[in-house]
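All remarks here apply to the structure that follows.
Residue indices begin at 1 and follow the sequence shown.
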Amino acid sequence: MEKRSILLLFVFLLSLILTACSSGAEDNLEGTSPEKIRIGVFEPLTGANASGGKQEQKGIELARELYPTVNLGGKEIPVELVFADNKSDKSEAVSVAKSLVNDSGVTLIIGSWGSANSIAAGPVFKESKVPAIGASCTSPLVTLDNEYYFRVCYTDAFQGAVMASYAYQNCNYNKIAVIQEASDIYSVTLSQIFANEMKELAGDENSIALTVNYNSGDRDFSAQLTAVKNSDAQAIFFPGDDTESALIMKQAREMEIDLPFLGGDTWESPELIRLAGDAAEGAIYSGFYDPAAPLTARTAEFLDAYAEKYGKEEIPEGVTALGFDAYLLAIETIEKTGSLDGSVLRDALAETKEFEGVTGYITLDENGDAIKPAVIKKIESGKSVYQSFVDPFQPVSPGTNPEK
């Protein structure tokens, strides 16, 4: 009887030791060798936002070609990209997100182009404790109350202020018409931030001449443009998807409206320039980076690799560079922690300081949002041309229009 009790005690203690070792292996991978590390790529590869999604995908894939492994415990473990097409649809985004975290065994997720897709999927990532790194989803709502969502791009709060400042200080515009896509959270949020900032800078509630709406998929903008034409606006601000924005540009010129066009980061799109043609000439928008203003040593590395793969004539888009940055941040976080545990990776991402990316040095604030610069670009001769650099640490003071 005594021997049996000792044997049972030994078995019990052994099980405790094995359980502890197993639990530790989940948090710290030293001494283990997973066959591969899976990173989810959550993008709109079809549908209305496919152009942007594919541009981000190019950057992610290029980064993986340069950095195909993660060093864990002295061993190089290959990275596998698991692609998930959210089809530019919020409902599909939720379904795809669930499949990624439940069926694909992904450790981290990159994406999505289009804030609405990211916002829809955010609760899935949070509940599953799988961190997501957005590349170009700029809406403040992406990371709001979601400690598992981060991003390497600036937010619309910064972008809206940048564009209002440029319109007021650099262009001397005091009356702006706003055309927003009422069904798109990105367009509405950025329009509201721009309008509020413009009113504060000008010290005039009437600095926004009017605000008119349209819906995703609309193709006739004559009513909105007629209202703009009959106003006293000096320019039009209309951030939105490339297709609708291009149509607004074309129809405005056909209606002999010669007001300047102002927009946001989604205008950095070859598709917009192709669709709008000459109507896009002179359009000004805020961008994430530009090869003409390299910010880190990694900018050159990215540009050289891109030119080698796609040719020197093709200029990479800002969202492509951000996709590259998101992948680098993902693998460096895994390598730094030596862990595939979502909570451990989340904590490490939250502490990101001065991460060297293609688009600048990235520090994440308490919301998981990147504090980083922006650039202003202008469409000239069918190309996006760098205009100026905007430092996030030099806020604009109200009432400082240089022409006043």
Side-chain angles (χ1 to χ4, degrees), residues 21-42 56-84 100-101 104-111 125 128-135 143 147-153 295-302 304-306 320-365 368-372:
C21 291
S22 174
S23 175
E26 291 178 5
D27 293 338
N28 192 317
L29 296 176
E30 288 186 13
T32 66
S33 300
E35 291 184 3
K36 60 183 67 175
I37 294 169
R38 294 181 175 90
I39 294 178
V41 180
F42 173 67
E56 281 190 14
Q57 179 186 14
K58 288 171 70 174
I60 296 166
E61 290 180 324
L62 183 61
R64 184 192 172 278
E65 289 178 17
L66 293 183
Y67 301 93
T69 64
V70 173
N71 189 297
L72 293 176
K75 298 189 69 173
E76 296 295 331
I77 311 299
V79 176
E80 177 186 356
L81 298 177
V82 181
F83 294 95
L100 269 178
V101 299
S104 302
V106 296
T107 298
L108 281 163
I109 291 168
I110 299 173
F125 304 146
S128 303
K129 295 185 177 180
V130 177
I133 303 174
T143 58
E147 67 271 25
Y148 276 83
Y149 226 126
F150 303 86
R151 63 180 127 209
V152 294
C153 60
L295 300 175
T296 74
R298 270 185 167 163
T299 308
E301 177 191 34
F302 166 71
D304 290 343
Y306 192 92
T320 304
L322 287 170
F324 193 99
D325 281 352
Y327 176 88
L328 291 184
L329 180 58
I331 64 169
E332 289 192 15
T333 301
I334 295 171
E335 195 165 275
K336 179 173 64 176
T337 60
S339 175
L340 299 183
D341 180 82
S343 298
V344 174
L345 294 171
R346 191 225 76 84
D347 291 345
L349 283 167
E351 296 175 357
T352 300
K353 305 290 184 188
E354 292 295 309
F355 169 79
E356 184 181 0
V358 173
T359 59
Y361 289 95
I362 299 170
T363 292
L364 300 184
D365 67 12
D369 300 331
I371 304 171
K372 60 189 302 187

Would you give the length of the straight line joining atom [atom1] of [X] to atom [atom2] of [Y], rounded to the nearest 0.5 angstrom?
{"X": "Tyr148", "Y": "Ser343", "atom1": "OH", "atom2": "OG", "answer": "3.0 Å"}
{"X": "Leu322", "Y": "Ile362", "atom1": "CG", "atom2": "CD1", "answer": "7.5 Å"}
{"X": "Phe324", "Y": "Leu62", "atom1": "CZ", "atom2": "CG", "answer": "5.5 Å"}
{"X": "Thr363", "Y": "Phe355", "atom1": "OG1", "atom2": "CZ", "answer": "11.0 Å"}
{"X": "Leu340", "Y": "Leu72", "atom1": "CG", "atom2": "CG", "answer": "6.5 Å"}
{"X": "Ile133", "Y": "Leu108", "atom1": "CD1", "atom2": "CG", "answer": "5.5 Å"}

Worksheet item: Stepwise, does the side-chain contact (heavy atoms from CB on, under 4.5 Å) test hold for Val82 with Leu100?
Response: CA-CA 8 Å; Val82 181; Leu100 269 178; 4.0 Å; yes
How far apart are the closest heavy atoms of [X] and [Y], and which atoms are they?
{"X": "Ile60", "Y": "Gly323", "answer": "CG1-O, 3.5 Å"}
{"X": "Leu349", "Y": "Pro131", "answer": "CD1-CB, 3.9 Å"}
{"X": "Ala135", "Y": "Cys153", "answer": "O-CB, 3.1 Å"}
{"X": "Ala305", "Y": "Leu66", "answer": "CB-CD1, 3.7 Å"}

Discussion item. Going by the rule ring pair (Phe, Tyr, Trp, His ring centres under 6.0 Å), which residues pair with Phe125 if we only count those two or more places apart in sequence or in a different chain?
Written reply: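 By the ring pair (Phe, Tyr, Trp, His ring centres under 6.0 Å) rule, Phe125 matches Phe42, Tyr149.
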I'd like to check the salt bridge (Lys or Arg N to Asp or Glu O under 4.0 Å) partners of [X]; sequence neighbours left out, ordered by chain and number.
{"X": "Lys129", "answer": "none"}
{"X": "Glu65", "answer": "Lys309"}
{"X": "Glu147", "answer": "Lys126"}
{"X": "Arg64", "answer": "none"}

Is there a donor-acceptor pair under 3.5 Å between the side chain of [X] and the backbone N or O of [Y]?
{"X": "Lys372", "Y": "Val152", "value": "yes"}
{"X": "Ser104", "Y": "Val106", "value": "no"}
{"X": "Thr320", "Y": "Glu56", "value": "no"}

Worksheet entry | Pair listing, salt bridge (Lys or Arg N to Asp or Glu O under 4.0 Å) test, anchored in residues 353-363, at least two apart |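 Counting only pairs at least two positions apart or across chains, no salt bridge (Lys or Arg N to Asp or Glu O under 4.0 Å) contact touches residues 353-363.
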Worksheet item: Who passes side chain to side chain contact (heavy atoms under 4.5 Å, CB included) against Ala300, sequence neighbours left out?
Response: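 Residues passing side chain to side chain contact (heavy atoms under 4.5 Å, CB included) with Ala300: none at all.
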Item to complete: Using side chain to side chain contact (heavy atoms under 4.5 Å, CB included) as the criterion, list what pairs up with Lys336, not counting sequence neighbours.
Response: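 With sequence neighbours excluded, Lys336 shows a side chain to side chain contact (heavy atoms under 4.5 Å, CB included) to Ala348, given in chain and number order.
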Worksheet item: Can you check side-chain contact (heavy atoms from CB on, under 4.5 Å) on Thr337 and Leu345, steps first, answer last?
Response: CA-CA 7 Å; Thr337 60; Leu345 294 171; 3.4 Å; yes
Worksheet item: Would Lys36 and Val79 satisfy side-chain contact (heavy atoms from CB on, under 4.5 Å), going step by step from the backbone distance to the final call?
Response: CA-CA 6 Å; Lys36 60 183 67 175; Val79 176; over 6 Å; no
Practice prompt. Sequence neighbours left out, what passes side-chain hydrogen bond (donor to acceptor under 3.5 Å, both in side chains) with Thr143? Give chain and number order.
Written response: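 Applying side-chain hydrogen bond (donor to acceptor under 3.5 Å, both in side chains) to Thr143 gives Arg151, Asp369.
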Check: residues 325-335 side-chain donor-acceptor pairs under 3.5 Å, at least two apart:
{"residue": "Asp325", "atom": "OD1", "partner": "Val358", "partner atom": "N", "Å": "2.5"}
{"residue": "Asp325", "atom": "OD2", "partner": "Val358", "partner atom": "N", "Å": "3.2"}
{"residue": "Asp325", "atom": "OD2", "partner": "Thr359", "partner atom": "N", "Å": "3.0"}
{"residue": "Asp325", "atom": "OD2", "partner": "Thr359", "partner atom": "OG1", "Å": "2.6"}
{"residue": "Tyr327", "atom": "OH", "partner": "Tyr67", "partner atom": "O", "Å": "2.6"}
{"residue": "Glu332", "atom": "OE2", "partner": "Arg298", "partner atom": "NH1", "Å": "3.2"}
{"residue": "Glu332", "atom": "OE2", "partner": "Arg298", "partner atom": "NH2", "Å": "2.5"}
{"residue": "Thr333", "atom": "OG1", "partner": "Leu329", "partner atom": "O", "Å": "2.6"}
{"residue": "Glu335", "atom": "OE1", "partner": "Asn71", "partner atom": "N", "Å": "2.7"}

